[in-house]
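Each remark here refers to the structure printed beneath this line.
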Protein chains: 2
Amino acid sequence: MASIKDVAAEAGVSVATVSRVLNDHPSVSADARTRVLAAVETLGYRPNAVARSLRTDQTHTLGLVISDVMNPYFTELARSVEEEARALGYSVIIGNADERPDLQDHHVRTLLDRRIDGLLVSPTDGGSPLMLDAARAGTPMVFVDRWIPGVDVPVVRSDGRAAVRDLVAHLHGLGHRRLAIIAGPAATTTGRERVEAFREALGAYGLDLPDAYIGQGDFQAESGRLVTEGFLDLAEPPEVVFAADNLMALGALDAVRARGLRVPDDLALAAFDDIRWFVHTDPPVTAIAQPTGELGRAAVRALVDRIEGRPGQSVTLPARLVVRRSCGENPTPVQRSTT
Amino acid sequence: MASIKDVAAEAGVSVATVSRVLNDHPSVSADARTRVLAAVETLGYRPNAVARSLRTDQTHTLGLVISDVMNPYFTELARSVEEEARALGYSVIIGNADERPDLQDHHVRTLLDRRIDGLLVSPTDGGSPLMLDAARAGTPMVFVDRWIPGVDVPVVRSDGRAAVRDLVAHLHGLGHRRLAIIAGPAATTTGRERVEAFREALGAYGLDLPDAYIGQGDFQAESGRLVTEGFLDLAEPPEVVFAADNLMALGALDAVRARGLRVPDDLALAAFDDIRWFVHTDPPVTAIAQPTGELGRAAVRALVDRIEGRPGQSVTLPARLVVRRSCGENPTPVQRSTT
DNA sequence: AGTGCTCGTGGAATCGATTACATCGACGGG
DNA sequence: CCCGTCGATGTAATCGATTCCACGAGCACT
């Protein structure tokens, strides 16, 4: 592969001049410029990004460590992150933590070794020493979706509280009184928050959230199935199950069908995270939709701001309830409590 | 961030010795080794992968350019690719072409600029000059799922012919005679192949595949919906629609429901690519399952073989039919014609 | 004791770019 | 006519690693 020296030789100039042409530095004669560009063309020269990065200490690359690539929510997030990054002149390296803190650390480490310019993370746990060190050491970093409390890093996420209130209003309006939740891992912020928001919203209707109605899941499908089976085995099973993410909702659907029961007649179902497939399931699933694309884009903008020396804003966007048929028939549009 | 010089100074040795310890070169004294390791520890030193790559001309990174991240089939592929690569000591940079040749070229170009060790591609088109040049220039490359004919590059894919025959046998056995297909882009190998396999299998039963029953899709959901609407508007609509990928099958489901029709009574449906959600749709969708994980792993092994100077095998694995309820009731197990 | 190993080590070149600094010619003002 | 300035260019240092080569010490063999 041709290097800058070859181009210089071909054009009859020094490597410095070639470099100046390539980075369009002002003081290059028109003549030299055309000769260099011609040489670049004939040799099919492309600058070596590795060498350039070593010298400039910039890779124009962002690292994105997500919790689970098989989760459509994160897939969509990854997609919007890559799009926005590309628009701003950055590439993205994605690492899949698969909800495992050890894998998350592995990816953070290799990304730092590659000297990526900045890191976008949705942490699977409460914060490993490695990540805390990186944050303290000043690596530009932004948390997206989930975050680690007490670390001085911008957070881009959506606030589901209002939507959870809307959901509970909807459920209450349909006559449901025994409401259960399949929670995410307590080590994650979203895992905790969704339970709290649910409990609070229930409280506004004088309803309780007993421990038996809080099932511990791990954001993956199998845990949703197991927790739902547990609910169905209770002496007094819940009327509604609220799954804290889309995969656990699928597991719940599985459990209900396996017993020959029906949604929503025997058990109503709602989920956090709206995905395309929920329109096509039987019945279509009522869900809380996050502005996923916006989150990804805002996260990239915040990160690039930090990288380029600007402040880097935390962003919180509202989620909204999408009513379908999985909680009961005849859905009447629910007013959002905030906009 | 500490560099190798800092470590050398701290340990009281030369950078050469530090480098030897880090790459466990045999001729280093035990004493020097422990001093260096101690210095590494106290400084929290991590080698700069950029500098190392410049010198060794190896990045230990693979590029993966996939057609569409939002397609669960490719997501699963990406996941298995990353896993196998990690096991072999490589990282993966994923580029999402979104079924657009221009984006595909963009990603190939930036990956080459980063001097990735090898490239894994499932081409969205018949082959851009850029990709052909890269292949000719000797960049280690492997095609996965889709490929470009006439290029000397290993291909890792699955052969759906037998499974398509099984599908047609299944459909014929259920009494269906008017069978239609939603095809993928003719510029892709899988787009063409699946139509041909379907036509051939029909021929074995004396059935025809008229042009009116071949709908042109683009592997994304919306096209599946439009094509299906077209089928339903025909004077003599098909009894079955076979979608050449999972997203177009979802579009088809959409179209059927929008008219208040039912699967399979009014229109039966089958799809290429089995995904988890097909179990949960109404009705569960009969599909042809590829050994996606195996494909990803085999592709990585083939690529790493080429990178490390070994031959690099093309691999073709069989796909298999998974019968569910979307083509008619009372499914009897279908014998696979090959194993 | 001299010769020829091996082993451990350091100095310095190298990878492919960017960029500070030096140089040189042309040109305009005093 | 001379000097200062500016524009275009080249030389060489530099980024952080790897690795070739040289060197000295220790040791075994003759």
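In what follows, chains carry the letters A, B, and so on, assigned in the order in which the sequence lines appear, proteins first and then strands, with residues in each chain numbered from 1.
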Under 3.5 Å donor-acceptor, A:Glu84 side chain and A:Val300 backbone: no

Touch class at under 4.0 angstrom, heavy-atom based, for B:Val18 against every strand present: nothing

Sugar-phosphate, base or nothing in reach of B:Asp57, heavy atoms under 4.0 Å: nothing

Sugar-phosphate only, base, or nothing, as touched by B:Ala32 at under 4.0 Å among non-hydrogen atoms: sugar-phosphate

Donor-acceptor pair present, B:Arg33 side chain and C:dG8 base, under 3.5 Å: no

Sugar-phosphate, base or nothing in reach of B:Ser29, heavy atoms under 4.0 Å: sugar-phosphate

Side-chain donor/acceptor contact of A:Arg52 with base of C:dT18 under 3.5 Å: no

Enclosure of A:Asp31 CG (heavy-atom neighbours >12, cutoff 6.0 Å): yes

Closest to the B:Ala51 side chain, choosing from D:dG10, D:dG16, D:dC15: D:dG16

Short N-O contact, A:Arg297 and A:Glu294, less than 4.0 angstrom: yes

Touch class at under 4.0 angstrom, heavy-atom based, for B:Ser19 against every strand present: base

Nearest-nucleotide comparison on DNA chain C, the residue closer to the 5′ end among B:Pro26 and B:Thr56: B:Pro26

Length of the line joining B:Leu22:CG and D:dG16:C1', which is rounded to integer Å: 12 Å

B:Asp57 atom CG: more than 12 heavy-atom contacts under 6.0 Å: no

Side-chain donor/acceptor of B:Arg146 to backbone N/O of B:Ser122, under 3.5 Å: no

Sugar-phosphate only, base, or nothing, as touched by A:Val50 at under 4.0 Å among non-hydrogen atoms: nothing

Sugar-phosphate only, base, or nothing, as touched by B:Ser27 at under 4.0 Å among non-hydrogen atoms: base

Base C:dG10 paired with B:Arg20 side chain (donor-acceptor, <3.5 Å): yes

Nearest-nucleotide 5' precedence on DNA chain C, B:Asp31 against B:Leu54: B:Asp31

